[in-house]
Every structure is written in C-alpha cells, then in structure tokens.
A.B. asks: 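One structure coming up, written as structure tokens, with questions to follow.
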Amino acid sequence: MHAEPFACYRPAPESAAEFAALPYDVFDREGAADYVREHPRSFLAIDRPETGFSPDHDMYACDVYAHAAELLHERVADGTLVRDGRPCYYLYRLEQNGHEQTGIVAACSLDDYNNGIIRRHESTRRAKEEDRVRHIRATGCQTGPIFLAYRDNPALEALVEAAKGAEPLYDFTDGEGVRQTVWRVARPAAVEAFQMMLAYIPRAYIADGHHRAASAARVCQEMRTEEGREHTGREAYNYLLCVLFPASQLTVLPYERVVADAAGMGEDELVAAVAAAGFEVGPRREDPVEPGERGTFGMYAFGAWRELRFVDGDAVAADPVARLDASVLQDRVLGPVLGIGDPREDPRVSFVGGAAGLSELERRAGRKGVAFALHATSVDELMAVADAGLLMPPKSTWFEPKLRSGLFIRRIANKNTVIDGVGRPAPRED
C-alpha cells in the first residue's frame, strides 16, 4: 500500500457535528431534499447540490454542479471549513450500540487502485460515475472517503491505539446515534511511523465507495493527460481519499430482496418451484425467519414465512461468487423462478439493506410480493471474491455504521479551484 499523509480542509471543531452528513448515495432525491431543508448548513447540501433547486430541475445540469462549488467556497469563507496545511493522518472512530471501529484516514495511491493492490468486488454504473466525476471537476476536490478494509495487522493496530491517547479533534454523536471521534496525527515522528507501517499492508479491499473510487480514477487520468510531460506522479490528483479499517472490526448487515409479485404463481406452485431449485422448504409460520447461517433464507409470501435451506451446495462450493447466498438466491430462485434476469435493472425487484428489520420486508411484500431474508455476507467472503478478480452480485453487502462525508476534503486541482481561487478570501488556518 502507498497510503500517504495529506493536507485537507475540514470543519472547524465547533461546526463538525452540524456539517458532517451521511454519504450522498444513502438518500433518494426526495430524502436528500428533506434532510437539507432541516439541515441547510450540512455537507449534504454540497454533496447533493440539486437540493438547492426545485424538484423538477435537471439534477445533472451544469448549474447544479456550479452550485456545489459555490457552497463549498462559502463554507470556507465563513470559517465553517478550516485548512490543515501540514500533511498528516487522521484516526476516525465510529461507535454504535456497543460496536467500535477505528480507521486510518489517508491518501491512497490511485495506481494501487488501478493495479489491484486496492481491490474491488462490485461493478459500477456509468451514470453514477459521471455524476461524481462532474462533482469533482466542479469543486476541484474529493469530498467523500472510500471505505477500505485490510487484513488485521497487530503492530499497526497497536500504533493506532497509542495515538488515540491524545485529545480528539472532534467528538460528537450524530443524528443516527453514532459517536464520531477523530484524532489528528501530525507529529513528524508519528507520521513517519504510520507511513512505514501502512507500507507493510499488502492490499486493501473496497468495502463501500466503488463509484467514488472509479470517478476519482477517471479524473486522475484526465488530469494526467492535461499535465502531459509536466506530470510527476506526486500531484494530489494521483491519490484517493480513504479510510482504512482492520477487517475484524467491521460489521456487515444483511441485504434483503423483495420481488413485487410471484410471477403469476400461486402459493403451492411457488413452493414447488423453489423446492425443485435445490431447497428444502419449511412449513408455513407466522413468526419471521431470520437466517442464522450461510445457505439458509427466510421467504415471506402469501402472508406467511417459510425457512429455505439450500441443499445443493456442492455444485457451487469451488466458486467464490456462486457460493455467496446472494448468488444462490439470484441464480436459483430470482432468475429462473421469478423472472428477475438483471437485478440491477428490473423494476420488479427492490433491496432492503441494514437494520430495517424483517417487518419491513413484510410491509414491502404485502399480499402480492415475495420477500427474502438473507444471512449477511462476511468480510472474508468479500475478500475471497476480490482476490479471485471477480465481482459480487449487486447489493451483496451493507456496512454499518456509515462513514460521514464532509469531515475531510482533499483539494486535487492545481489552480483556480473554488476553495483557493484567485481573488477569493484566504482560508482560515487551524
């Protein structure tokens, strides 16, 4: 890994709790607008700049991205954002319901991303990439961190724990009840120690943020082309804003599926078709089925739950993608039985991630639909897929808690950016 210290803009300590926001892609358009209406000075107003326009305004229009740039400049001018001019690392701890995870915030090499040292497990959609590309171009900044996991390294974790003994830079509890604590690692000896230990991490895995990473890579390539012979490889655009967490600290929650209808089948027909697909199908029951291990599923249809147990596991045991529960469900039931050929595009299927609960599956399925509860994908399964150079089915992992955006903003453009633009007010130094 090439994980470097970096200079950044960040909220002034008194503004951090108000400014930090959940990632842009957690919200749909209406939800983002509602949140910004209630929290007008939050970073989401910059991350989802269409919230500053009427609901019928084209959210991908040029003036929308220009609005993001102007808001970012305003937050610098009014002191909400301050500048850490000295390259440093940050430690970022999230605590929720007794769970704790601490990551290292660093600038990771985009060459590592391109050559597979930073490994991915999901494909990206061009339209979503384009949105983030235009956001980076307009603001000249990377604003949302990529969530990376690495296999545990006890020496590095000991270094992290020692650095957490200092006074935190931020310490607040957000609107979702997650305690957010950040430490700044700036002493030259400490920075050197972190830099040396991070170099011993052989690879990292994208847990969340595939579109942000792909967009940053595209912008990097554009800027390299623009620089031509002047390009050195050390420019800010060659690095990616990341938070690296040890794998053992991460929590992955289930990502459930709901199909709008039973594809014209009655209850008995559906049960028979699922059984023929390689499952033991349990009897009807009123209480929800929460899968306790891999290869088990809960199916809610026709007002009742049934437990499904996949009994044909030997057929997929050697393939790290095919043996995922999300793949088993798609390949054996959603596709051939219910007619969901492409879960990314089919409007009949929807996804319920995180801690929404099985009651939410019942609500969404109603009397006509079919809902499936899955056992959570493990971090080890994610790594096995990425190490094989393969891709997981869409919506296979849901990590909690979510990283907040806006706590760290990396300027990557070399000149005339909205933050340090010519003739603009000089930023306040912390």
A.B. asks: For Asn153 and Met197, run side-chain contact (heavy atoms from CB on, under 4.5 Å): C-alpha distance rounded to whole Å, both residues' side-chain angles, the deciding distance at 0.1 Å, then the answer.
C.D. replies: CA-CA 9 Å; Asn153 181 306; Met197 288 305 305; 3.9 Å; yes
A.B. asks: Any ion pair linking Arg224 and Glu227 (charged N to carboxylate O, less than 4.0 Å)?
C.D. replies: no
A.B. asks: Verify, without hydrogens or angle tests, whether Asp261 (side chain) and Gly369 (backbone) share a donor-acceptor contact under 3.5 angstrom.
C.D. replies: no
A.B. asks: Rounded to the nearest 0.5 Å, what separates atom OH in Tyr24 from atom OG1 in Thr143?
C.D. replies: 9.5 Å
A.B. asks: Could you state the interatomic distance from CE (Met392) to CG (Leu382), rounded to the nearest 0.5 Å?
C.D. replies: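 Spacing of CE (Met392) from CG (Leu382) equals 5.0 Å.
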A.B. asks: Could you label the plane-to-plane angle of the Tyr90 and Phe408 rings as parallel, tilted or perpendicular, counting under 30° as parallel and over 60° as perpendicular?
C.D. replies: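 It falls in the tilted class, 30° to 60°.
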A.B. asks: Less than 4.5 Å apart, side chain to side chain, heavy atoms only: is that true for Leu156 and Ile104?
C.D. replies: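 In short, these two side chains touch, coming nearer than 4.5 Å.
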A.B. asks: Mark yes or no: Arg404 above the aromatic ring of Tyr170, with NZ or CZ under 6.0 Å from the six-membered ring centre and no more than 45 degrees from the axis.
C.D. replies: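 No, Arg404 and Tyr170 do not form such a contact.
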A.B. asks: Between Arg257 and Val349, which heavy-atom pair has the shortest distance, and what is it?
C.D. replies: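 Minimum heavy-atom contact is CG-CG2, 4.5 Å.
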A.B. asks: Does CZ belonging to Arg29 count more than 12 external heavy atoms closer than 6.0 Å?
C.D. replies: yes
A.B. asks: Using a cut-off of 6.0 Å, state whether more than 12 heavy atoms not belonging to Lys164 lie near its atom NZ.
C.D. replies: yes
A.B. asks: Which residues satisfy the ring-ring contact (aromatic ring centres under 6.0 Å, His included) test with Tyr239, sequence neighbours excluded?
C.D. replies: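 Tyr239 satisfies ring-ring contact (aromatic ring centres under 6.0 Å, His included) with no residue once adjacent residues are dropped.
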A.B. asks: For the CD atom on Glu192, are there more than 12 heavy atoms of other groups (residues, nucleotides or ligands in this structure) within a distance under 6.0 Å?
C.D. replies: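 Atom CD in Glu192 is not packed in, count stays at 12 or less.
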A.B. asks: Test side-chain contact (heavy atoms from CB on, under 4.5 Å) on Asp387 and Arg119; report intermediate values, then the result.
C.D. replies: CA-CA 7 Å; Asp387 284 340; Arg119 299 188 173 182; 2.6 Å; yes
A.B. asks: Tell me whether Trp305 contacts the main-chain N or O of Gly298 through its side chain, where contact means a donor paired with an acceptor under 3.5 Å.
C.D. replies: no
A.B. asks: Using distance alone, with no hydrogens and no angle criterion, decide if Asp56 and Ser54 have a side-chain donor and acceptor under 3.5 Å apart.
C.D. replies: yes
A.B. asks: For the residue pair Arg41 and Phe19, what are the closest heavy atoms and their distance?
C.D. replies: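 Heavy atoms only, the tightest pair is O-CD1, 3.3 Å.
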A.B. asks: Is the closest side-chain heavy-atom distance between Pro168 and Trp183 below 4.5 Å?
C.D. replies: yes
A.B. asks: Decide whether Gln195 and Glu4 meet the rule of one side-chain donor and one side-chain acceptor closer than 3.5 Å.
C.D. replies: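 Glu4 and Gln195 do have a side-chain donor-acceptor pair below 3.5 Å.
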A.B. asks: Can you tell me how far SG of Cys8 sits from CZ of Arg83, rounded to the nearest 0.5 angstrom?
C.D. replies: 9.5 Å
A.B. asks: Look at the side chain of Tyr89 and the backbone N and O of Ala3, then say whether any donor-acceptor pair between them is shorter than 3.5 Å.
C.D. replies: yes
A.B. asks: For the residue pair His135 and Pro49, what are the closest heavy atoms and their distance?
C.D. replies: CD2-CD, 4.2 Å
A.B. asks: Distance only, no hydrogens: is a donor on one side chain within 3.5 Å (strictly under) of an acceptor on the other, for Tyr92 and Gln180?
C.D. replies: yes
A.B. asks: Shortest non-hydrogen contact from Ala68 to Ile46?
C.D. replies: CB-O, 3.5 Å
A.B. asks: Does the ring of Tyr113 carry Arg120 above it, NZ/CZ under 6.0 angstrom from centre and within 45° of its axis?
C.D. replies: yes
A.B. asks: Taking Gly295's backbone N and O only, do any of them form a donor-acceptor pair with His375's side chain (distance below 3.5 Å, no angle check)?
C.D. replies: no
A.B. asks: Do Glu226 and Arg137 sit within salt-bridge range, that is, some charged N less than 4.0 Å from a carboxylate O?
C.D. replies: no
A.B. asks: Less than 4.5 Å apart, side chain to side chain, heavy atoms only: is that true for Leu250 and Phe399?
C.D. replies: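 Yes, at least one pair of side-chain atoms sits under 4.5 Å.
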A.B. asks: Give me the ring orientation class for Tyr255 and Trp398: parallel if the planes are under 30° apart, tilted from 30 to 60°, perpendicular past 60°.
C.D. replies: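 Taking Trp398 first and then Tyr255, their aromatic rings stand perpendicular (interplane angle over 60°).
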A.B. asks: Any chance CD of Glu290 has more than 12 other-residue heavy atoms, nucleotides or ligands included, within less than 6.0 Å?
C.D. replies: no
A.B. asks: When you compare the side chain of Pro343 with that of Gln330, does any pair of heavy atoms fall below 4.5 Å?
C.D. replies: yes
A.B. asks: Can you tell me which residue among Asp111, Leu244, Ile146, Ile206 is in a side-chain contact (heavy atoms from CB on, under 4.5 Å) with Ile118?
C.D. replies: Ile206
A.B. asks: Run the side-chain contact (heavy atoms from CB on, under 4.5 Å) check on Val64 and Arg48 step by step: do they pass?
C.D. replies: CA-CA 9 Å; Val64 170; Arg48 293 291 295 270; over 6 Å; no
A.B. asks: Determine, step by step, whether Asn238 and His231 satisfy the side-chain contact (heavy atoms from CB on, under 4.5 Å) criterion, reporting the C-alpha distance in whole Å, the side-chain angles of both residues, the deciding distance to 0.1 Å, and the verdict.
C.D. replies: CA-CA 10 Å; Asn238 291 286; His231 169 76; 3.2 Å; yes
A.B. asks: If you measure from CG on Asp34 to NE2 on His39, what distance do you get to the nearest 0.5 Å?
C.D. replies: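 Asp34 CG to His39 NE2: 11.0 Å, rounded to 0.5 Å.
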A.B. asks: Do Ser123 and Arg344 pair up side chain to side chain, a donor and an acceptor below 3.5 Å, judged on atom types alone?
C.D. replies: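 A donor-acceptor contact under 3.5 Å links the two side chains.
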A.B. asks: To the closest 0.5 Å, what do you measure between CZ (Arg234) and OG1 (Thr232)?
C.D. replies: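 Rounded to the nearest 0.5 Å, the CZ-OG1 separation comes out at 8.0 Å.
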A.B. asks: Can you see which heavy atom on Val191 is nearest to which on Pro5, and at what distance?
C.D. replies: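 Smallest heavy-atom distance, with atoms named: CG1-CG, 3.8 Å.
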A.B. asks: Suppose we screen for ring-ring contact (aromatic ring centres under 6.0 Å, His included). Which residues come up paired with His2, at least two apart in sequence or across chains?
C.D. replies: none
A.B. asks: What I want to find out is whether Asp131 reaches Lys128 closely enough, with some N-O distance under 4.0 Å, to be called a salt bridge.
C.D. replies: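 No, Asp131 and Lys128 are not salt-bridged.
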A.B. asks: Out of curiosity, Leu81 CG to Leu407 CG, how far, rounded to the nearest 0.5 Å?
C.D. replies: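 Taking CG in Leu81 and CG in Leu407, the distance rounds to 10.5 Å.
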A.B. asks: Okay, side chain of Glu235, backbone of Gly233: is any donor-acceptor separation there less than 3.5 Å?
C.D. replies: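 Here the side-chain-to-backbone pair exists.
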A.B. asks: Thinking salt bridges, do Arg323 and Asp331 make one under a 4.0 Å N-O criterion?
C.D. replies: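 Salt bridge flag = no for Asp331 with Arg323.
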A.B. asks: Tell me the closest heavy-atom pair linking Ala273 and Met265, and the distance in Å.
C.D. replies: CB-SD, 4.3 Å
A.B. asks: If you define the side chain from C-beta out and look only at heavy atoms, does anything of Ile117 sit under 4.5 Å from Ile201?
C.D. replies: no
A.B. asks: So, are Arg218 and Glu130 salt-bridged, with charged N and O less than 4.0 Å apart?
C.D. replies: yes
A.B. asks: Could you check whether any side-chain N or O of Glu381 sits under 3.5 Å from a backbone N or O of Ser378, counting only pairs where one atom can act as donor and the other as acceptor?
C.D. replies: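 Present.
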